[in-house]
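Read through the structure below, which is laid out as structure tokens, and then see the notes.
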Number of protein chains: 2
Amino acid sequence: MDETSDGSPTEEWQPGRIPADLDATNLRILDVLREDGRISISALAQRVGISRANAYTRFEALRANGVIIRFTAQVDPVRAGLGVCALIFVTVRQQMWRQFRNQLALMPEVEYCAITTGQHDAMIQIRVRDVATVHHLVTHRLASIPAVKATETVFILDEVLRRPFILPSDERPLPAPQPAAETGPSPLGSMRFVRANAGRADLGGL
Amino acid sequence: MDETSDGSPTEEWQPGRIPADLDATNLRILDVLREDGRISISALAQRVGISRANAYTRFEALRANGVIIRFTAQVDPVRAGLGVCALIFVTVRQQMWRQFRNQLALMPEVEYCAITTGQHDAMIQIRVRDVATVHHLVTHRLASIPAVKATETVFILDEVLRRPFILPSDERPLPAPQPAAETGPSPLGSMRFVRANAGRADLGGL
DNA sequence: GTTGAAATTAGTACGAA
DNA sequence: TTCGTACTAATTTCAAC
């Protein structure tokens, strides 16, 4: 146990700090909650190997600290009627970031949006009913946003992996079961890191 | 209940079929479950405006039909100690897709992987502790997979939007509150759709 | 599809180690 | 801190309508 007299209530979180309250027990709790978010606290305590009261305390703390943002269902988009998924890479007009974000919030088809380094400025992932809707969304709705300078669209053909989240405690199940001859340094030279375009350090009103 | 041999869910789902069981009530259930996956069935029934027994029936059906895949927590990756997120675009050697998928399953840092059209073959999203880990993962772990021909990495600077999932019933809150003069066809000409490279129709052992 | 029972379980509050 | 237990309130289940 660390003796850093951190008596601050609710413990304000600071960006640079490594979460000290994420011990092995809390990580196991998150691990269980990842595969069954509706598990009862009693069952959770049982699976983690702690008492019910302790499980309640840690559970609430994880929520209060913001480690757990919310509980939600994971839905199969195809079975829900949204069979088409696409990625749209957006070049954003400088100093119009705020408008870009505001407009995105008004688009319910957008499941995910991230600001990236590299050739483009942002990547958004959308889910819609059919391909025609993608076309309409890109050429009409997105194109009508002044902050959007250009877009590049690719379709998602198959989603290989979709994990709810990952934890620092996740480790490789198999420690490289390959023949030693092939395990050496990169046999291929085409690993490329893409840096941002010139003038991209300016994130405007982000 | 029809008893197929292995107790598989009622009503086998077929890829082309539009989910007929997703009426307005089920969509409202999913909508509630999206923002609170731990809500009790009683409260769910109350919020949707149906009886408890009905809510139980529909709830179980949505799970059995595979519309709801699972319930899970949504965790803040930064607060969980994984502050660095990156996208890696991978060019996969033809007819080595199966190996690619198998190797990915062994990499716990990978949160998401999708096969895409366009210049690259797949996009994977990873979360790790620091930037150095990204570098090691790309130049050593990924590069040592024979199926990986080339990669291109971009870092995620900020995650603007992260919705659990979206539903067909989600609609635009505001019906285009723009002046009519600007609502016409695309004012910008740089909306680009990227098709797959030559020979990309072959998905190998996918 | 709805309502109303009983049975079970969840959530909370104490002490004790 | 963590655990164990008792108490109260809520939920799930099963019945009949």
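On a predicted model such as this, the values are computed, not experimentally measured, just so you know. So that the names make sense, note that chain A is the first sequence line, chain B the second, and so on, each numbered from 1.
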Provide, to the nearest angstrom, the distance between the [atom1] atom belonging to [X] and the [atom2] atom belonging to [N].
X     : N      : atom1 : atom2 : result
B:R38 : C:dT9  : CZ    : C1'   : 13 Å
B:I39 : D:dA10 : CD1   : P     : 15 Å
A:L44 : D:dC3  : CG    : C1'   : 16 Å
B:N54 : D:dT13 : CG    : C1'   : 16 Å
B:F59 : D:dT12 : CZ    : P     : 9 Å
A:Q46 : D:dG4  : CD    : C1'   : 15 Å
B:E60 : D:dT12 : CD    : C1'   : 11 Å
B:I50 : C:dG1  : CD1   : P     : 8 Å

Inset, instruction - Examine the base of D:dT2 for any acceptor or donor lying under 3.5 Å from a partner atom in the side chain of A:R52, and report the outcome as yes or no. - result: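 No such pair is found, so the answer is no.
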Inset, instruction - Assess the side chains of A:T57 and A:N54: does a donor N or O sit below 3.5 Å from an acceptor N or O? - result: no
Inset, instruction - Answer with base, sugar-phosphate or nothing: what part of the nucleic acid does B:R58 contact at a heavy-atom distance below 4.0 Å? - result: sugar-phosphate
Legend entry - Heavy-atom side-chain proximity of A:T151 to A:T139 below 4.5 angstrom: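 Not touching, per the 4.5 Å side-chain cut-off.
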Just to confirm, is there a sub-4.0 Å distance from OP1 or OP2 of [N] to any side-chain nitrogen or oxygen of [X]?
X     : N      : result
B:Y56 : D:dT12 : yes
B:S42 : D:dT12 : yes
B:S51 : C:dG1  : no

Pairing of [X] and [Y] as salt bridge, 4.0 angstrom limit:
X     : Y     : value
A:D36 : A:R47 : no
B:D23 : B:R58 : yes
A:R34 : A:D31 : yes

Inset, instruction - Side chain of B:A53 only, please: which of D:dT12, C:dT2, D:dG4 is the nearest? - result: C:dT2
Inset, instruction - Output the single nucleotide from C:dA10, C:dT2, D:dC3 whose closest atom is nearest the side chain of A:S40. - result: C:dA10
